[in-house]
Amino acid sequence: MQFWKYHGAGNDFILIDGRKEWPFEASHYELVAQLCHRRFGIGADGLMVLTHHPSSDFEMHYYNSDGRPSSMCGNGGRCIVAFASALGISPASSDGLYRFMAVDGLHRALILDDGQVKLEMLDVQEVERNNDDYILDTGSPHYVRIVDDVDDIDIVPEAHQIRYGERFSDEGINVNFVQLVDECSLSIRTYERGVEAETYACGTGVVAASVVQASLMGAGNHRFHIAAKGGPLQVDLSWDGQRARSIWLIGGASFVYKGFIELDEFHT
């Protein structure tokens with residue numbers, strides 16, 4: 001099987017062109033997990049398959065590194081747009097925007113002149129306050145905790161207390177620790193469910209942090225610069241006092257390498 005490797009701010013993915021045929025058997029979760037394994041496989045935070053879609057430019061099928069289908073992945077969405085362009089897929093619409101289907105619905109995206117990918121995320125309808133923390137869904141569920149210094153966080157045990165707590169233990173939740181550098185600049189570290197570890201960046205996580213900060217700043221158009229472990233990301237959004245709209249996640253989507261892997265070598 002041929003595969004491609006991409007990363008967005010260090011959030012890395014295996015990408016597969018599935019337009020001719022589905023690359024896996026019906027029960028393939030263990031195989032996906034083995035392909036994502038960093039010692040015995042290719043190694044990645046997740047795997048995506050690009051397929052045809054009847055009413056959009058393509059469809060994105062996303063799997064976490066544990067092999068299970070997952071909710072929306074923002075950095076993955078940006079990477080699969082870069083991948084589609086490399087495969088020769090062009091936007092069908094005259095405005096130059098890609099339109100692709102993901103698990104949470106239709107997304108639009110644009111490849112900028114500098115190669116960065118600008119991805120539109122779905123509106124965020126509600127920000128729940130939990131004492132001094134925040135819970136919201138940005139295509140994936142996120143827990144946001146504002147801290148004085150992200151570098152002082154022992155992230156795995158602290159995230160486990162939330163992710164495996166009584167409320168979230170069944171479905172899981174992504175846990176973000178966010179430092180306010182200034183009003184529009186944030187530093188973030190994210191523990192991702194399904195990966196069950198800290199990742200170098202999380203697209204839906206930086207969106208969640210940005211929405212929380214916008215809700216604290218008040219109504220208006222906001223631009224946030226976010227320093228993730230793997231590099232910088234930007235979020236533009238509009239906050240109307242109750243919900244976030246016109247959310248765009250912007251950052252690099254870099255090709256790493258491509259190759260072939262013998263699936264017969266994996267015993268599933």
Side-chain angles (χ1 to χ4, degrees), residues 1-8 10-89 98 100-107 119 139-141 163-164 168-174 190-204 253 255-268:
M1 181 185 72
Q2 189 173 22
F3 69 90
W4 288 254
K5 184 81 179 286
Y6 278 75
H7 82 86
N11 201 187
D12 60 339
F13 308 98
I14 300 164
L15 287 121
I16 298 168
D17 182 0
R19 289 175 295 172
K20 292 184 179 179
E21 61 181 356
W22 188 254
F24 305 116
E25 299 296 328
S27 178
H28 54 260
Y29 301 142
E30 185 178 347
L31 175 58
V32 171
Q34 289 179 329
L35 291 172
C36 290
H37 199 287
R38 297 194 181 277
R39 297 292 182 268
F40 302 111
I42 299 164
D45 291 328
L47 180 147
M48 288 178 283
V49 183
L50 183 150
T51 63
H52 290 294
H53 188 269
S55 60
S56 59
D57 295 316
F58 60 88
E59 184 166 3
M60 166 187 172
H61 304 267
Y62 180 73
Y63 301 85
N64 273 329
S65 62
D66 64 0
R68 297 288 174 178
S70 189
S71 46
M72 179 57 186
C73 177
N75 286 327
R78 295 188 307 97
C79 285
I80 204 168
V81 169
F83 179 53
S85 177
L87 292 177
I89 300 171
Y98 283 93
F100 69 92
M101 190 61 65
V103 66
D104 63 339
L106 188 68
H107 289 263
L119 172 67
S140 290
R163 186 258 183 268
Y164 292 106
F168 305 113
S169 59
D170 290 342
E171 297 297 325
I173 196 166
N174 304 292
T190 301
Y191 176 98
E192 287 198 51
R193 66 170 187 172
V195 181
E196 304 308 335
E198 181 180 10
T199 55
Y200 273 56
C202 174
T204 55
F255 168 72
V256 183
Y257 64 90
K258 62 181 178 179
F260 292 87
I261 191 161
E262 295 287 345
L263 296 184
D264 290 343
E265 297 296 321
F266 292 89
H267 303 287
T268 60

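For the single chain, residues carry numbers from 1 onward in sequence order. Treat the numbers as computed from the prediction; the structure is a model and nothing was measured. What's counted below: heavy atoms across the whole structure, side chains too, no hydrogens, waters or symmetry copies.
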#### Entry: Residue pair P23 / V49, side-chain heavy-atom distance below 4.5 Å
yes
### Task
Report yes if some heavy atom in the side chain of F100 is under 4.5 Å from a heavy atom in the side chain of H107; otherwise report no.
yes
### Task
Can you see which heavy atom on D17 is nearest to which on F83, and at what distance?
N-CZ, 3.9 Å
### Summary
When every non-hydrogen atom of W4 is compared with those of K258, the smallest separation belongs to NE1-CD, 3.4 Å
### Message
Looking at Q34 and V32, would you say the former's side chain and the latter's main chain have a donor-acceptor pair under 3.5 Å?
### Response
no
## Note on the structure
Taken to the nearest 0.5 Å, the spacing of M101 CE from H52 NE2 works out to 15.5 Å
### Task
Just do the side chain to side chain contact (heavy atoms under 4.5 Å, CB included) check on I16 and W22 with the steps written out, would you?
CA-CA 10 Å; I16 298 168; W22 188 254; over 6 Å; no
#### Entry: Check: T204 side chain, G74 main-chain N or O, donor-acceptor pair, under 3.5 Å
no
Return all side-chain donor-acceptor pairs below 3.5 angstrom for residues 39-47, not counting sequence neighbours, or 'none' if the list is empty.
residue	atom	partner	partner atom	Å
D45	OD1	R38	NH2	3.0
D45	OD2	N11	ND2	2.8
D45	OD2	D12	N	3.3

### Task
Kindly compute the distance separating CD (E21) from OG1 (T51), expressed to the nearest 0.5 Å.
13.0 Å
### Query
What distance separates H53 NE2 from M60 CE, expressed to the nearest 0.5 Å?
13.5 Å
## Note on the structure
Minimal heavy-atom distance between P141 and S71, with the atoms involved, is CD-OG, 4.0 Å
### Query
Which distance, rounded to the nearest 0.5 Å, do you find between the SG of C73 and the CD of E192?
6.5 Å
### Query
Short question: side chain of N174, backbone of R193 - any donor-acceptor pair under 3.5 Å?
yes
### Query
Between L35 and L263, does a side chain to side chain contact (heavy atoms under 4.5 Å, CB included) hold up when you go through it step by step?
CA-CA 9 Å; L35 291 172; L263 296 184; 4.3 Å; yes
## Note on the structure
Taking every heavy atom of G77 against every heavy atom of M72, the minimum-distance pair comes out as CA-CE, 4.2 Å
### Query
Any side-chain heavy atom of S85 within less than 4.5 Å of one from Y98?
yes
### For the student: nearest non-hydrogen atoms of S65 and V195, plus distance
OG-CA, 3.4 Å
#### Entry: Straight-line distance of K5 NZ to I14 CD1, nearest 0.5 Å
6.5 Å
### Query
With a 4.5 Å limit on heavy-atom distance, are the side chains of F58 and V81 in contact?
yes
### Test log, rule side chain to side chain contact (heavy atoms under 4.5 Å, CB included), inputs I89 and L50
CA-CA 11 Å; I89 300 171; L50 183 150; 3.8 Å; yes
### Query
Residues in side-chain contact (heavy atoms from CB on, under 4.5 Å) with A33, at least two apart?
none
#### Entry: Rounded distance [0.5 Å steps], CZ in R78 versus CZ in F13
8.5 Å
### Query
Counting heavy atoms not belonging to Y200, are there more than 12 under 6.0 Å from its OH?
no
### Query
Under 3.5 Å, side chain of Y62 to main-chain N/O of A102, donor-acceptor pair present?
no
### Query
Between Y63 and Y29, how do the two ring planes meet: parallel, tilted or perpendicular, split at 30° and 60°?
tilted
### Query
If you look at every heavy atom in C79 and A253, which pair is closest and at what distance?
CA-CB, 4.0 Å
### Message
Going by side-chain hydrogen bond (donor to acceptor under 3.5 Å, both in side chains), name the residues that satisfy it together with R68, two or more places apart in sequence or in a different chain.
### Response
none
